[in-house]
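First up is the structure itself, then whatever we jot down about it.
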Amino acid sequence: MEYNFREIEKKWQEEWKEKKVYQVSNESDKPKFYVLDMFPYPSGAGLHVGHPLGYIASDIFARYKRLKGFNVLHPMGYDAFGLPAEQYAIEHGIHPAISTDTNIKNFRNQLDKIGFCYDWSREVNTSKPEYYKWTQWLFLKLYNSYFCNTAQKAKPISELIAKYEAKGSSQFTADEWNRFSTGEKEEWLMKRRLAFSAYGEVNWCEALGTVLANDEVVNGVSERGGHPVEKRKMRQWYLRITAYADRLLKGLDTVDFSESMKEMQSNWIGKSSGAEIDFEIKGLSDKIRVYTTRPDTIFGVDFMVVAPESDLINKLKTPTQEIKVDEYLAYVKSRSERERMAEKKISGVFTGAYAINPFDGREIPIWTSEYVLAGYGTGAIMAVPCGDERDFKFAQHFDIPITNIIGTHFNGTEANATKDAVLENSSFLNGVTMRAAMEEVIKRVEEAGIGKRKINYKMRDAGFSRQRYWGEPFPIIWENETPIALKESELPLLLPHLEEVKPGKGGEGPLSNLPDWVNTPQGKRETSTMPGYAGSSWYFLRYMDPQNEQEFCNRKAADYWGQVDLYIGGTEHAVGHLLYSRMWTKVLYDLDLIGFDEPFKRLLNQGMIQGSSRFVYRIHGTNQFVSFGLKDNHQIDAIRVDVNFVDGYELDTEAFKKWRNGEFADAEFILEDGKYICGAEVEKMSKSKFNTVNPDDLVYKYGADTFRMYEMFLGPVEMSKPWDTKGIEGVHRFLKKLWRLFFDEIKGKIWTAEKATDAELKVLHKTIKKIEEDTERFSFNTGVSTFMICVNELSDLKCYKKEVLESLLIMLASYAPHIAEELWHLLGNTDTILNASFPKFEEKYIKESSKAYPVAINGKTRTELLLPLDITQKEVEEKVLQDAIVQKWLEGKAPKKIIYVKNKMINVVL
RNA sequence: GCCCAGAUGGCGGAAUUGGUAGACGCGUCAGACUCAAAAUCUGGUGUCCGCAAGGAUGUGCAGGUUCGAUUCCUGUUCUGGGCACCA
């Protein structure tokens, strides 16, 4: 009887499905555990080997927790709204609903083959009305809530209205409020709503007639077609995430994310404290307001920089500088933000104007430069070259004289951002330490009425509308310029069918092409749709109660499941998605709809699996392809080839000739050693780079169990690594070797019910301990290796005993579920192995009484000494000195010291 | 430019708290079985010197702390990822 993985896997997948073994109930006496994967966007390219990495890890952990006696929620679904489906529709005329459906079926098919333990009865699909009804409902919750600064939490906007009606606000009296028109009232409310509408800049491409995402713009032109792109102000929806900045920051202390992830989030939020200070401008009535974190350096200000986008520039530029300034502004306009970011070259131009230092009246030249952004702080800075690296380089580059206010702390060749120096050249601050000076300056600035203390955040409110079709429609009708929200009873507002997806007029979304839908007796419907992250900001709650038609999630279900105990996903969208879902959770908590204010208790980031691309080299202008080692003798063009017809680095030239309908049929090859050797480069795995490896092929060839274990065996889950299929054989061999502990090719069944020996139990319990430790710390690669060691040792011991093998199978059931289930049943069990209990580790089986100690001389290991564990230092010294090898190294002298660390090692110091 | 992560044999990686560097697997070499092949099994395999015993050297690079450093500290180089130049 041999290991027929194809038959076994098919059989158990069907059986598990039929018996609904993965269905989980919201009621149980067991403790709960919630294991979640970041759900995928179902792209047309299907799964490649990079996708399942995190899914396999979470699957192993979910199964492990189940064996450990937990009621485990482990669901999966689809983040199904999004740009690519819409783009595909524009290019191929296939409706997004259809292509999305096809893609989901394909994904599901691929996922099923790998044997995941998802409870598919809880599947969510963000593009289905049953789901997005509640996304719209939650949007209305945000819209109808405001952030109360006193209570530091969200409250219903009705409470704010009641307050305005009764007491007014600092801006208006109650009487004034009550006399306001509906539109005027709405304008005031809009300033407080958590989901609000305002004007914001978008990338507008006239030629394509549409708004473009940041990554669709390259070098200031559209990626498709290379058309010019300009910034244009349009009405947008936003989420007031900045109101939650502080709580999002504090919440990081309560969750178990990696330090680097927390750092990324807190850098994104970017809280800083400092002051806003107004500088007068020589000869103008306008003032420049700067934000600075270092008010103590006010006497070191040698120039000011205003963002090129600032409206003030036109007033600042003097006639002599006008041409230079305009040229520079045109240059900046042509640059994408990404370009400005990566720019090492220092650029900028003097406006000709001077600001006045409010404390000593010094005239300070005002410059403009692309390194100052309009969107942060006040869009203008006071530059202190001796204390800020960038300011220093700028001053050096443009020969701006530098004032030293920190004495010897500044060496003239490098800025020093210290806060500990004692100030010099600083008028009333001379002799004051910088830390103390900060307070002093803020005090004086406030007294003089030229500024104030200010806490600043990098984070901006999140843009929440897209001029697109394939997303949730806003439950909003515009009555002239005033938005009116639909009633909850009117939800869902269905996304109307569109025969042809194309942009609307004037930058509006495709929905504006449907007048029957847009025009209602009340007014015009909002034609933009919600962004991709709308549905994904709360999907983890829907899994808890996926079929509920009355509520987004029943409170009892939410209280039972609570936080996601383990959330697994990549870092790529992590900052955005994690912050948005954390914010939504906090809002829902504030409104008392759920009982926790952080969605994810623990986060594990899986690394990216990269592809290893292969290149062939065509001699420029010919049909000849030259092998890698000979390419330097020619002028060549590198062309990517499909990795599937390259064996290692050797090209299958016949397959290459047949590739792409014979595009290379006439190719001639210049070989080395009779072979065509390809070049290689590690890069992102992508269909367009021909370096994708499809899991289906591997599952077919080796089985799902082998595939699962191999993905884990590659290395730590958190680490990025290039995919290499070589080595999968080793894992497959391991499973075959495991099988041979139960069945022999000739004798058939060889397992017995005999009692296990001490040596066998030692192997087993060593394994239990290690598997438990490795799984708990997500070290699945060493887990796989532990199984290999266990099977190797049991084979050496010729241990075919059910007592030992049964426990091994239970542990293996989370890593290689199919083979474990099959052998479990062949051993005579009738219930599924999923309902077994994880074996209990017992110390007594692995207790040792002695240890082979490494003995080092001066830190270099020279020999080994078998010693009892309870030996004393004195006894150790005696034994060590008697040892022949130690004596040889001692050369008759006495050692200075003998270090003995129990259970570790011995070191003899000469 | 800024932020984060990483660098260990021919390759993927292991070493969990500062204590035998290279577990496990791939590849490769030798052997067994076989008419042969596949499969399987046994043994070797960081580098250098040496017939061997043995020795030297070795975790990107340069230093430091320590009886002892892949692990801690300082500096540095390279690679990967992220970014909203964050004052």
Side-chain angles (χ1 to χ4, degrees), chain A residues 2 214 258-261 263-264 267-268 270-272 274 290-294 297 305 307 337-338 340-346 369-373 375-378 380-384 387-391 393 417 456-460 570-572 574-575 605 607-608 610 648 682-684 709-710 713-716 718-731 733-734 736-737 740 745 770 773-774 776-777 779 781-789 792 795 852-864 895-899 901 903-910:
Chain A
E2 62 178 57
N214 271 334
S258 70
E259 283 310 309
S260 55
M261 174 57 61
E263 219 166 313
M264 271 164 88
N267 286 349
W268 188 273
K271 183 178 182 172
S272 65
V290 301
Y291 170 72
T292 178
T293 53
R294 298 299 299 274
T297 61
V305 186
E337 284 207 343
R338 186 59 60 81
R340 281 172 67 175
M341 247 179 278
E343 185 56 74
K344 284 184 199 175
K345 265 201 328 252
I346 296 161
S369 170
E370 60 179 348
Y371 83 93
V372 170
L373 294 187
Y376 182 76
T378 58
I381 63 162
M382 53 179 234
V384 182
D388 183 281
E389 194 54 41
R390 241 183 352 228
D391 295 347
K393 285 188 176 148
N456 206 35
Y457 296 95
K458 256 175 15 178
M459 188 167 65
R460 303 176 206 141
T571 43
E572 58 272 25
V575 173
N605 289 116
M608 194 168 65
Q610 294 143 322
V682 171
E683 51 191 356
K684 200 172 169 171
M709 291 194 94
Y710 183 58
F713 193 54
L714 276 177
E718 307 95 306
M719 232 151 82
S720 291
K721 56 227 151 198
W723 178 265
D724 187 357
T725 304
K726 273 189 180 149
I728 194 168
E729 299 268 2
V731 175
R733 256 174 240 159
F734 153 74
K736 286 199 279 192
K737 193 165 181 178
R740 286 199 305 274
E745 271 176 62
K770 188 81 163 69
E773 282 170 3
D774 285 350
E776 291 281 357
R777 68 187 173 108
S779 180
N781 56 329
T782 54
V784 173
S785 124
T786 302
F787 281 121
M788 288 174 168
I789 292 166
N792 286 347
S795 298
Y853 281 91
V855 179
I857 316 283
N858 275 345
K860 289 205 162 78
T861 308
R862 297 298 177 185
T863 183
E864 228 172 50
K896 268 193 199 140
K897 207 196 304 185
I898 294 176
I899 292 158
V901 184
N903 227 339
K904 296 281 185 193
M905 47 68 69
I906 294 160
N907 190 15
V908 181
V909 185
L910 297 184

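Proteins get letters first, then strands, A, B, ... in listed order; numbering begins at 1 in each.
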Would you please confirm or rule out a distance under 4.0 Å between OP1 or OP2 of [N] and any side-chain N or O of [X]?
X	N	result
A/R460	B/C86	no
A/R862	B/A56	yes
A/T861	B/A21	yes
A/R740	B/C41	yes

Rounded to the nearest Å, what distance is computed from the [atom1] atom of residue [X] to the [atom2] atom of nucleotide [N]?
X	N	atom1	atom2	answer
A/M261	B/C83	CE	P	12 Å
A/N267	B/A5	CG	P	11 Å
A/M905	B/U17	CE	C1'	15 Å
A/N781	B/C26	CG	C1'	15 Å
A/E263	B/G82	CD	C1'	13 Å
A/Y710	B/C24	OH	C1'	13 Å

Counting any heavy atom closer than 4.0 Å, what does [X] reach on the DNA or RNA strands: base, sugar-phosphate only, or nothing?
X	value
A/N907	base
A/K271	nothing
A/I899	base
A/P716	sugar-phosphate
A/K393	nothing

Quick check for you: among B/C26, B/G82, B/G13, whose closest atom lies nearest to any side-chain atom of A/K726?
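When the side chain of A/K726 is considered, B/C26 is the closest of B/C26, B/G82, B/G13.
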
For B/G54, does the O4'-C1'-N9-C4 (purine) or O4'-C1'-N1-C2 (pyrimidine) torsion place it in syn, i.e. within 90° of 0, or in anti?
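This nucleotide is in anti.
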
Any donor-acceptor pair under 3.5 Å between the side chain of A/K770 and the base of B/U16?
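Answer yes: a donor N or O sits under 3.5 Å from an acceptor.
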
Using the P atom in both, what is the distance from B/G12 to B/U66, to the nearest Å?
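Roughly 36 Å separates the two P atoms.
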
I'd like the P distance from B/U57 over to B/A69, given in whole Å.
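Comparing P positions in B/A69 and B/U57 gives a spacing of 13 Å.
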
